[in-house]
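See structure below.
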Amino acid sequence: MDPEAFLDLANQVVKLKMFPYFDIAHSVLCALHVREDLGPGAQAFSRKHPMSCWLSTMLVVFAGGMLCNGLLGEPVLAPLKNTQQLAVATVVWYVIFYTPFDIGYKAAKFLPIKIVFSAMKEIYRCKKVYDGVTHAAKLYPNAYIIMILIGTLKGNGAGFTKLFERLIRGVWTPTAMEFMQPSFPTKACIVASVIFVLDKKTDLISAPHALVYFGIVIFFVYFKLSSLLLGIHDPFVPFENLFCALFLGGIWDALAKLFGRGGNKDEKADAKKKD
Amino acid sequence: MDPEAFLDLANQVVKLKMFPYFDIAHSVLCALHVREDLGPGAQAFSRKHPMSCWLSTMLVVFAGGMLCNGLLGEPVLAPLKNTQQLAVATVVWYVIFYTPFDIGYKAAKFLPIKIVFSAMKEIYRCKKVYDGVTHAAKLYPNAYIIMILIGTLKGNGAGFTKLFERLIRGVWTPTAMEFMQPSFPTKACIVASVIFVLDKKTDLISAPHALVYFGIVIFFVYFKLSSLLLGIHDPFVPFENLFCALFLGGIWDALAKLFGRGGNKDEKADAKKKD
Amino acid sequence: MDPEAFLDLANQVVKLKMFPYFDIAHSVLCALHVREDLGPGAQAFSRKHPMSCWLSTMLVVFAGGMLCNGLLGEPVLAPLKNTQQLAVATVVWYVIFYTPFDIGYKAAKFLPIKIVFSAMKEIYRCKKVYDGVTHAAKLYPNAYIIMILIGTLKGNGAGFTKLFERLIRGVWTPTAMEFMQPSFPTKACIVASVIFVLDKKTDLISAPHALVYFGIVIFFVYFKLSSLLLGIHDPFVPFENLFCALFLGGIWDALAKLFGRGGNKDEKADAKKKD
């Protein structure tokens, strides 16, 4: 491919207008997520508790914005002030849950449609991560951790509000904490945030910004599609294992075990006491 | 009744000063609510955990203000800065929980007193809904949903903070989520907020503002008293059922069932798998 | 001791620089607290969920600041913007959880080291209570309750965020509410906040500010050390019992019981109904 044309394409991706098509794709997948999270009783629940159903869907759709606003001392409800986005999300919620003969839900679950929407959602996600990092960098120009945190939360807010979203529906699952077992989107958002921070704040990345952005979009879409089509769920696992072995005790623990002493002693003693 | 005199009365209700009598009525009913929520062990609890008891009562008394401040990015603690209101609430809490021979509690539960206080609380509630809508409209002039949300939360904040109020007392009841089964005050506050928004933002309501306000006050007081005296708990139910049948799947679900196919198929399949 | 020299010493304590030594002491004790809260499975947990472990440790280290910011409408994440403090806390977390053969943890638990760190943490705590009271007094010059609340929360934030800290680790213990059974540090922070408020806002305390501050530091350190070395856990208990007997129903309840009537009647009736 011609590099000039490639850069042109990248520039167009950066400037892509999100409303309304990408918002629709995002809302559809969020509503599907809520419906699938409800399990086989989803339809019955949506008939009995429409308000709770609507609120938890809205919380998922606007999760990133609300969460980041809450953490940055801005109004939590502010994302709802965009009436157009809210109307789109409400219509999508209605279509997914209440269309006659469940046409809306079935159409959204139809694989080709789902693939297109998923790809669009990943493009949207990339924009949100970038916006989050930029916003945090404006507020705290030297706080890299805050930039990465806000980028990650804006990119995958729904993962972190899962507990509250379920609570609105009267279900409480404290062990479903995203920090315990970060999902692939969370890890991808962390990596993307780190790259955006490096791009913004250091000279380590010499490529033009549009290329970096486009690269992350491709990375997001590629792994989403391979997860949907090929069942590859987490390409980060080998790197994590290496990192844990080197820095988070893996090797030392093995050594300590080998010599039959060291860090685990206390635990053994504690365990014995309990017996 | 003379219309002129009626309008005069309405204008007086609009300008009614709330402090201190209406604050006392509100605090008394809040403290009663906490005490009744504690069940038969209320007295023992209040002796063993006075701090937790005081804090959860204050949370109920100032629930609406705190909740709305939290959602609008304003200081959550700000409602406590009004030292006079706080003092009134604390005295009321003390009287309800700790007077010798439980005189305070018994007096507050005495039906005629409770009726007067309930009526006053509804007048106060109407003012809070109106203040909430006005405040939200100032911040987000075009976000109708935010106005309705804030109006509702300010009017019936205690319903929505019930989970946290109980958490302060060490009790966790995730299924007691107000959104799941909205109580009558919540629904009434939603209706009142919608009417205030229509009155403020559109020309649909041609009556003078004072009359609209007075009408809502009467509506609140009337249904509170009929709930207290006659046991009528929720006059909205028939309208809700109609709305659900028309728009939230009721009719279509019935049709689908009739033809033995449609939306419930997946669920049946899922249910079968489980067997 | 020469009073002049004593005042000089007090003045020096007031102006003590906290970073980095006091921050290190504070972080070490916070990380130890997290590790001990995890129980015998701490090492295994830190290997399996490093992210959740890091986040909950950071939450404990910066608990006071985050909590108070959240309640005062300031950005919750702001305490993390101090990159140096964050780096210190992260290094300490790493040393406590991941050093080979658990050297870091064992060293930190070594009594003489723990005593020194505990004393330093109490000096730090006093500064935080004072800063909290001052900050709240700037925002709300007449709201004594807010000053006391913020002082207490800033001084012993970790006690109040325990629920959330555990939630990040996937554990939910709603009954471990600090307000239910306030621990000694909480009570000490309340007393210190009250004294600082009296010192700031009234003329009741005629001693110079440095002396008041120094007195509280000594009080904090003294009781922390006596708790560590002598096992005296709560010197407030007799005063509390007296207060409860006089004002929170103790005497009246006893009288009522004596005469076989009064406040407990309803409860007995309720209890009977249940049988």
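Reminder, nothing fancy here: chain letters follow the sequence lines and each chain counts from 1.
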Leu149(C) side chain near Leu80(B) side chain, heavy-atom distance below 4.5 Å: yes

Chain C contact via Phe97(B) - which portion, at a heavy-atom distance below 4.5 Å: neither

Interface residue of largest heavy-atom contact number with chain C, from Ile168(B), Leu72(B), Asn69(B), Val171(B), under 4.5 Å: Ile168(B)

Ile150(C) versus chain B, the contacting section by heavy-atom distance below 4.5 Å: side chain

Non-hydrogen side-chain atoms of Pro75(B) and Tyr140(C) separated by less than 4.5 Å: yes

Side-chain heavy atoms of Thr175(C) within contact of Trp172(B), under 4.5 Å: no

Per-residue contact mode, Leu86(B) against chain C (heavy atom under 4.5 angstrom): side chain

Steps toward side-chain contact (heavy atoms from CB on, under 4.5 Å) verdict (Trp252(C), Tyr98(B)): CA-CA 9 Å; Trp252(C) 290 107; Tyr98(B) 299 107; over 6 Å; no

Between CG on residue Asn142(C) and CG on residue Asn82(B), distance to nearest 0.5 Å: 10.5 Å

Contact class of Tyr144(C) relative to chain B, heavy atoms under 4.5 angstrom: neither

From CG (Leu77(B)) to CG (Leu139(C)), nearest 0.5 Å: 10.5 Å

Tyr222(C) atom OH, neighbour heavy-atom count above 12 within 6.0 Å: no

Pairs of heavy atoms under 4.5 Å with chain B: top-ranked of Ala143(C), Pro174(C), Ala176(C): Pro174(C)

Reported CG-to-CE distance for the pair Leu167(B) and Met177(C), which is rounded to 0.5 angstrom: 3.5 Å

Greater than 12 external heavy atoms within 6.0 Å of Phe184(C)'s CZ: yes

Interatomic distance, Ile146(C) atom CD1 to Thr83(B) atom OG1 [nearest 0.5 angstrom]: 8.0 Å

More than 12 heavy atoms of other groups within 6.0 Å of Lys48(B) NZ: no

Gln43(B) side, atom CD; Asp253(C) side, atom CG - distance, nearest 0.5 Å: 5.5 Å

4.5 Å side-chain heavy-atom contact, Met51(B) and Ile190(C): yes

Residue pair Met180(C) / Ser52(B): nearest heavy atoms and the distance that separates them: SD-OG, 3.7 Å

Atom of Gln181(C), atom of His49(B) and distance for their closest heavy-atom approach: NE2-CE1, 3.5 Å

Choice from Gly70(C), Gly249(C), Pro182(C) maximising heavy atom contacts with chain B below 4.5 Å: Gly249(C)

